[in-house]
Engineer: 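Encoded as structure tokens, here's the structure I'll be asking about.
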Amino acid sequence: MLDAASWAGRLGGDAFLARTYHRSYAHFPRIADGAGLFSWDDLNRIIATQRLEPPRLRLSADGEMVPLHRYAIPTTNRRAVTWSSIQPSDFHAQLRDGASLVLDAVEKIHPAVGAAAEGLERFLGTSVQVNVYASWTEREGFGRHWDDHDVVVVQLHGSKRWRLWGATREAPTFRDVEPPKEPEGEPVADLVLSPGDVLYLPRGWWHAVTADQGMESLHLTFGMVPHTGADLMLWVVDQLRASLALRRDIPRFGSPTERSDFIDAVRREVADMMADPQLVERWAESIDTTDRGHAIPSLPYVGGLPALREITVKLTAPRGRLTANPTQGTVTFSAAGTAWEFAEPAAPALGALLTNQPTTLGELADSAGLEAKDVAGLLSVLIDGHAVAVVGTAL
């Protein structure tokens, strides 16, 4: 199981975060059980049972999307709802000719991949999206390119060749003032990933990827949302909206003195906040506890959770936090954009939720020495706040 601790152990834990993350590529041979995470059977089932329109499901060749009409036809039901239906023979033909298959956000529809994404999110402190890539030939699906986010690649089946070049513009972003230049010279690394291999690649690194080893290839790419200085400044501005200096109208038609005084007042507010040595930690806590996570309904329990010990629940926001308030005899549980205050005896149960593993109501009650009905009441509050969901109904 690829939970946060497992990811940390496989990637190198604190050493990875201090020396590799955001800095350089890293190849980890045979550290993951790719076959147990996602298979060809999973991919076939998803394509056959889900209505997946481009760009969610797409084919790409030589850096261009293959037109949908070449492998799918419009299908309309009796209620005049139309979607694109994959035609296996045409679909296979495009893949034989060298197109690569891409399925975006598979963590939303595959529980094991979803759990792995949540584990990586907890380890790295950022939202994660997982895409599936499948290729059959040496033809490049996307050409040589760079991504605006870091990635962790897990090779599942077959082999894939990765040629890597360093970034030609430091820390490029999606919204940038100029694009990176094409790299020159030979790649800095020429790797073949085999099943179980993991590759980490920072944003901005150029790469060309081919299935040129004579067999089909299937891999997952975990893409991490970047957090830049620009994101920090946007957060700072949001925190300063309580300040009168930032709420005042800009004196566009004022005198030079009025304009100067206005800018000075804004500058002082921003400078004071930026001088806080705990600013990054405050920002990290804010984005962790306000992230909405993956909202899940808790049917059939629409009127509160019954005190059934077999009910299984799970945190839906992987980066929640628990803070002790010893002088008040309480703890604060923060997740999914809300903070709740509970009596101190609830701390063990709340801490167990923060492991992000499915847990029964009975296990939570036992961990805190509480009655099942008390834990059911606590969980009902968190379910209403979209921070917890029932993942096993006991019915």
Side-chain angles (χ1 to χ4, degrees), residues 17 21-23 121-129 147-150 167 169-180 202-204 223-295 315-328 330-342 354 381-382 384-387:
L17 297 177
Y21 192 42
H22 301 322
R23 293 171 175 81
E121 177 173 343
R122 284 175 58 81
F123 175 47
L124 298 178
T126 186
S127 299
V128 174
Q129 176 177 311
D147 295 318
D148 64 356
H149 52 274
D150 294 20
R169 174 175 172 78
E170 187 174 357
T173 61
F174 175 69
R175 297 176 60 186
D176 211 333
V177 294
E178 63 181 67
R203 67 182 164 110
M224 284 76 77
V225 174
H227 298 295
T228 67
D231 298 314
L232 177 64
M233 290 307 300
L234 290 172
W235 178 82
V236 165
V237 170
D238 281 341
Q239 306 312 299
L240 290 175
R241 292 188 187 279
S243 165
L244 178 59
L246 271 76
R247 297 202 314 272
R248 282 189 172 128
D249 295 321
I250 300 172
R252 178 177 179 179
F253 304 108
S255 67
T257 299
E258 289 174 324
R259 294 183 184 183
S260 178
D261 289 346
F262 173 81
I263 293 299
D264 285 344
V266 172
R267 184 186 297 115
R268 284 194 298 272
E269 293 285 348
V270 174
D272 287 347
M273 188 163 187
M274 297 298 290
D276 180 2
Q278 299 299 317
L279 185 65
V280 170
E281 173 55 31
R282 288 175 55 199
W283 161 82
E285 180 177 0
S286 176
I287 66 163
D288 284 352
T289 57
T290 58
D291 183 84
R292 304 302 296 181
H294 312 291
L315 194 67
T316 62
R319 290 179 281 145
R321 296 202 182 192
L322 182 64
T323 306
N325 311 309
T327 57
Q328 288 85 26
T330 63
V331 292
T332 300
F333 186 84
S334 304
T338 304
W340 297 268
E341 195 166 293
F342 296 102
L354 288 177
V381 171
L382 297 178
D384 286 344
H386 309 150

Engineer: Taking everything shown except Glu281 itself, do over 12 heavy atoms lie less than 6.0 Å from its CD?
Structural biologist: yes
Engineer: Please name all residues satisfying ring pair (Phe, Tyr, Trp, His ring centres under 6.0 Å) with His227, sequence neighbours left out, ordered by chain then number.
Structural biologist: Trp283
Engineer: Is atom CD1 of Ile250 surrounded by more than 12 heavy atoms (other residues, nucleotides or ligands) closer than 6.0 Å?
Structural biologist: no
Engineer: Would you call Thr338 and His386 a side-chain contact if the rule is heavy atoms closer than 4.5 Å?
Structural biologist: no
Engineer: Would Phe342 and Leu322 count as a side-chain contact (heavy atoms from CB on, under 4.5 Å) here? Give the steps.
Structural biologist: CA-CA 10 Å; Phe342 296 102; Leu322 182 64; over 6 Å; no
Engineer: So, for Arg23 and Leu17, which heavy atoms are closest and what is the spacing to 0.1 Å?
Structural biologist: NH1-O, 3.5 Å
Engineer: May I ask you to test the Leu240-Val237 pair for a side-chain heavy-atom distance under 4.5 Å?
Structural biologist: no
Engineer: Would you give the length of the straight line joining atom CZ of Arg252 to atom CZ of Arg259, rounded to the nearest 0.5 angstrom?
Structural biologist: 9.0 Å
Engineer: Locate the shortest heavy-atom distance separating Ala387 from Ala335; write the atom from each residue and the value.
Structural biologist: CB-CB, 4.1 Å
Engineer: What side-chain donor-acceptor pairs closer than 3.5 Å can you find for residues 264-272, not counting sequence neighbours?
Structural biologist:
{"residue": "Asp264", "atom": "OD1", "partner": "Arg267", "partner atom": "NH1", "Å": "2.6"}
{"residue": "Glu269", "atom": "OE2", "partner": "Ser243", "partner atom": "OG", "Å": "3.4"}

Engineer: Crowded around Arg247 CZ? As in, over 12 foreign heavy atoms under 6.0 Å?
Structural biologist: yes
Engineer: Looking at every heavy atom in both Thr289 and Ser334, which two are closest together, and how far apart are they?
Structural biologist: CG2-CB, 3.6 Å
Engineer: Hey, does Phe262 have a side-chain heavy atom less than 4.5 Å from the side chain of Asp249?
Structural biologist: no
Engineer: So which of Thr323, Asn325, Val331 actually passes side-chain contact (heavy atoms from CB on, under 4.5 Å) with Glu341?
Structural biologist: Asn325
Engineer: If you look at every heavy atom in Pro172 and Asp176, which pair is closest and at what distance?
Structural biologist: CA-OD2, 3.5 Å
Engineer: How about Thr228 and Arg203: do any of their side-chain heavy atoms sit closer than 4.5 Å?
Structural biologist: yes
Engineer: Hey, does the side chain of Arg292 reach the backbone of Ala336 with a donor-acceptor pair shorter than 3.5 angstrom?
Structural biologist: yes
Engineer: Roughly how far apart are Ile287 CD1 and Thr126 OG1, rounded to 0.5 Å?
Structural biologist: 6.5 Å
Engineer: Give me the atom names and distance for the closest heavy-atom approach of Asp291 to Ser127.
Structural biologist: OD1-OG, 3.3 Å
Engineer: Is the shortest heavy-atom distance from the side chain of Val381 to the side chain of Phe333 under 4.5 Å?
Structural biologist: no
Engineer: Taking the side chain as every heavy atom from C-beta outward, state whether Pro226 and His149 have any atom pair closer than 4.5 Å.
Structural biologist: yes
Engineer: Is Glu258 salt-bridged to Arg248, going by a charged N under 4.0 Å from an acidic O?
Structural biologist: no
Engineer: Knowing that exactly one of Glu121, Arg321, Arg122 qualifies, which makes a side-chain contact (heavy atoms from CB on, under 4.5 Å) with Asp288?
Structural biologist: Arg321
Engineer: Kindly indicate whether the side chain of Trp235, heavy atoms from C-beta on, has any atom under 4.5 Å from the side chain of Leu279.
Structural biologist: yes
